[in-house]
Amino acid sequence: MRDPRYNKGLAFTDKERDAHYITGLLPPVVLSQEVQEKKVMHNLRQYTVPLQRYMALMDLQERNERLFYKLLIDNVEELLPVVYTPTVGEACQKYGSIFRRPQGLYISLKEKGRILEVLKNWPQRGIQVIVVTDGERILGLGDLGCQGMGIPVGKLSLYTALGGIRPSACLPITIDVGTNNEKLLNDEFYIGLRQKRANGEEYSEFLHEFMCAVKQNYGEKVLVQFEDFANHHAFELLSKYCSTHLVFNDDIQGTASVVLAGLIAAQKVLGKSLADHTFLFLGAGEAGTGIAELIALKISKETGTSIDETRKNIWLVDSKGLIVSSRKESLQHFKQPWAHEHEPVKELLEAVNAIKPTVLIGTSGVGKTFTKEVVEAMATFNEKPLILALSNPTSQAECTAEEAYKWTEGRAIFASGSPFDPVEYNGKTFTPGQANNCYIFPGLGLGLIMSGAIRVRDDMLLAASEALAFQVTEENFANGLIYPPFANIRKISANIAASVGDKTYELGLASNLPRPKNLLKMAESCMYSPVYRNFR
Ligand SMILES: O=C([O-])CC(=O)C(=O)O
Ligand SMILES: [Mg+2]
């Protein structure tokens, strides 16, 4: 009863209560899981403050794991915004003051030299997925230090709910190397190390010890998902470990794959091929350059043109303006491929007017940057402007769904990273899409795990994008949607898993041999079910 993996609360039957000597420890009634679910949903809906819903759900996860996942799976559209963006962002900001029972594994600089020992303290064996953050760039909210733990915990609950990975195979980890967030350093309830961030050699060595310990403890087939690291570390870690570990950066690769899926699907709505588009990004960090690279790769594969050539239709704006060749010397390496010949342009609006993009993508982490003028400009030279405001949580979105529809007179195809409610405009209802990496990582992870993948490759990301785009129905298209509804996410994830698995075998990177004949059946059959077990 005290172990969330076994607890069924009032659903323990009389026979189970007798067999396990817990008769009398519960009131006499026996409820079904369905009635429990109805009750908890009813209670949750009484809370009007999102953070209270979050706390109630985290309590449920720590009390009755199967009921938590049953709720999340059956009510995914309603609960995703609670356990995930936007509410998880606020939860991380306030993690210290709402802290009750710890979730996940904390590895701080205090444990330098004995990270392996700390990993071994985690009570569960058979770990298949680790989501790890160092809290330096939590969503678009910046450095939240150790309180970033909410993110790996949230992402892994989606691995289970959306992708069917067993909860006991999931390990959330926060690496605490300090924080540069003064507010947190001065917050008496802060849960992390009260020191400035370690950097340079000290940081790299610590992360290297972590990566080696992970491989030593869990072997070659554990998937390590990097999440919400700051740009410099994110790119470095991915390139350093992609050839020795099964690693994946969600913010670079997951976001890229989900956006590419939307763009592939949008071809049906817009009647244009990817190569016919001109792309402009606001934000040239992990998401921006990650998406740009994957689009370029996809177009290059489709048309047979070189990557360098395909890059020419893709433009990025960072905090200093349009990325152009005259800035090349001073650019970080991940921005350099995008420095095209053009005169310097400072403002986004100027860049939009100069480049005349057909697709505008916000990955800046800065809210309200797609102003009325910017969106109206997009609407002047596009019949159906494609506008993606991807920064999270909602407060950091480049524009709202309502603004996108209003300022384009209802012509925009719009999707955002965090959810927006449907919008009424001119007597018509517009339903915005949610271009969030949670469409991709659960299915991708399942595909990697079931095939026993040992490395992640771009071709697997492309396979995931294609599989997701394929799940968008004619009916969705008719409603202007470029993503399928989340209500079908487990089926979607199974399809993504099958495609990714297939690609893994094709590339010779699968270690689970022989290849199962039907990968979709395989994916569906290994997905976790939250239905209660019988303990008689
Ligand atoms: O967590 C999300 O909603 C998407 C994401 O990876 C991020 O914004 O960093
Ligand atoms: Mg992220």
Side-chain angles (χ1 to χ4, degrees), residues 86 140 259 262-263 266 269-270 272 276-285 287-289 291-292 295 312-324 326-327 335 338-428 430-435 480 482:
V259 170
L263 296 172
V269 186
L270 300 176
K272 263 188 192 182
D276 296 330
H277 281 288
T278 305
F279 302 88
L280 182 67
F281 288 80
L282 176 65
T289 61
I291 300 163
I295 293 173
K312 289 184 180 159
N313 280 339
I314 305 175
W315 298 81
L316 286 83
V317 171
D318 68 5
S319 60
K320 299 197 173 62
L322 190 64
I323 294 183
V324 292
S326 57
R327 292 179 51 194
K335 296 182 183 177
W338 308 101
H340 308 320
E341 286 301 325
H342 199 285
E343 62 193 47
V345 175
K346 267 226 132 61
E347 301 295 330
L348 176 63
L349 180 59
E350 271 180 87
V352 168
N353 282 320
I355 305 296
K356 299 207 172 10
T358 55
V359 181
L360 180 65
I361 304 180
T363 53
S364 58
V366 187
K368 304 192 179 10
T369 37
F370 290 174
T371 59
K372 186 162 185 275
E373 291 72 25
V374 165
V375 174
E376 282 178 351
M378 286 295 292
T380 57
F381 40 77
N382 291 297
E383 173 54 33
K384 286 191 174 171
L386 189 46
I387 297 177
L388 306 179
L390 299 181
S391 294
N392 297 315
T394 320
S395 59
Q396 309 309 109
E398 284 78 6
C399 67
T400 66
E402 187 175 3
E403 289 166 343
Y405 295 123
K406 210 168 64 190
W407 294 338
T408 60
E409 297 156 327
R411 287 185 283 125
I413 310 278
F414 177 80
S416 51
S418 297
F420 280 105
D421 287 334
V423 174
E424 294 286 335
Y425 176 78
N426 262 354
K428 228 181 125 185
F430 294 86
T431 309
Q434 191 180 347
I482 53 174

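Here, residue 1 is the first one in the sequence, and each next residue gets the next number.
Closest of all the heavy-atom pairs between Asn392 and Ser418 is OD1-OG, 2.6 Å. Residues Ala377 and Leu349 share a closest heavy-atom pair of CB-CD1, 4.2 Å. The two residues Trp315 and His342 make their nearest non-hydrogen contact at CZ3-CB, 3.8 Å. Contact between Ala351 and Val345 at its shortest, heavy atoms only, is N-CG1, 3.5 Å. Annotation for Ala412 and Ile387: closest pair CB-CD1, 4.4 Å, computed over non-hydrogen atoms.
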Handout entry: From CA spacing to verdict: side-chain contact (heavy atoms from CB on, under 4.5 Å), Tyr425, Glu409
Key = CA-CA 8 Å; Tyr425 176 78; Glu409 297 156 327; 4.1 Å; yes
Practice task
Report the C-alpha separation of Leu322 and Ile355 in whole Å, then their side-chain angles, then the decisive distance to 0.1 Å, and conclude whether the side-chain contact (heavy atoms from CB on, under 4.5 Å) test is met.
Solution key: CA-CA 10 Å; Leu322 190 64; Ile355 305 296; 4.1 Å; yes
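Leu282 pairs in a side-chain contact (heavy atoms from CB on, under 4.5 Å) with only one of the listed residues (Thr369, Val366, Leu360, Ile361), which is Thr369. The one candidate from Val352, Leu280, Ile323 that meets the side-chain contact (heavy atoms from CB on, under 4.5 Å) condition with Val317 is Leu280.
Atom CD of Glu347 sits in a sparse spot, with 12 or fewer heavy atoms from other residues, nucleotides or ligands closer than 6.0 Å. The local environment of CD in Glu350 is crowded, with over 12 non-hydrogen atoms from other residues, nucleotides or ligands closer than 6.0 Å. Around the NZ atom of Lys368, the shell of radius 6.0 Å holds no more than 12 heavy atoms that belong to other residues, nucleotides or ligands.
Distance CD1/Ile413 to OG1/Thr408: 9.0 Å, rounded to 0.5 Å. In this structure, Glu403 CD and Phe420 CZ are separated by 8.0 Å, a value rounded to the nearest 0.5 Å. A distance of 12.5 Å separates NZ of Lys312 from CD1 of Ile314, quoted to the nearest 0.5 Å. Atoms CE and CG, on Met378 and Asn353 in that order, are 10.5 Å from each other to the nearest 0.5 Å. The distance from the CG atom of Asp421 to the OG1 atom of Thr400 is 11.5 Å, given to the nearest 0.5 Å. With values rounded to the nearest 0.5 angstrom, Gln434 atom CD is found 10.5 Å from Leu390 atom CG.
At a threshold of 4.5 Å between non-hydrogen side-chain atoms, the residues Pro86 and Ser395 do not count as touching. Looking at heavy atoms from C-beta onward, Asp318 lies in side-chain contact with Arg327 at the 4.5 angstrom threshold. Within the 4.5 Å cutoff, the side chain of Leu386 has heavy atoms near those of the Ile482 side chain. Side-chain contact between Pro432 and Pro419 is absent, with no heavy-atom pair separated by less than 4.5 Å. Side-chain contact between Phe370 and Leu348: present, with at least one pair of heavy atoms (C-beta onward) separated by less than 4.5 Å.
A donor-acceptor contact shorter than 3.5 Å links the side chain of Gln396 to the backbone of Gly365. In terms of modelled atom types and a separation under 3.5 Å, the side chain of Glu398 and the main chain of Leu388 share no donor-acceptor contact. Panel note: side chain Ser364, backbone Gly283; no donor-acceptor pair is recorded below 3.5 Å. Side chain of Asn382 to backbone of Pro357: a donor-acceptor contact under 3.5 angstrom is found. Side-chain atoms of Thr278 do not come within 3.5 Å of backbone N or O of Asn313 as any donor-acceptor pair. Of the possible polar contacts, none joining the Ser416 side chain to the Ala389 backbone as a donor-acceptor pair under 3.5 Å is found.
Residues Phe430 and Tyr405 bring their aromatic ring centres within 6.0 Å.
In this structure, Phe279 and His277 have tilted ring planes: the angle between them lies in the 30° to 60° band.
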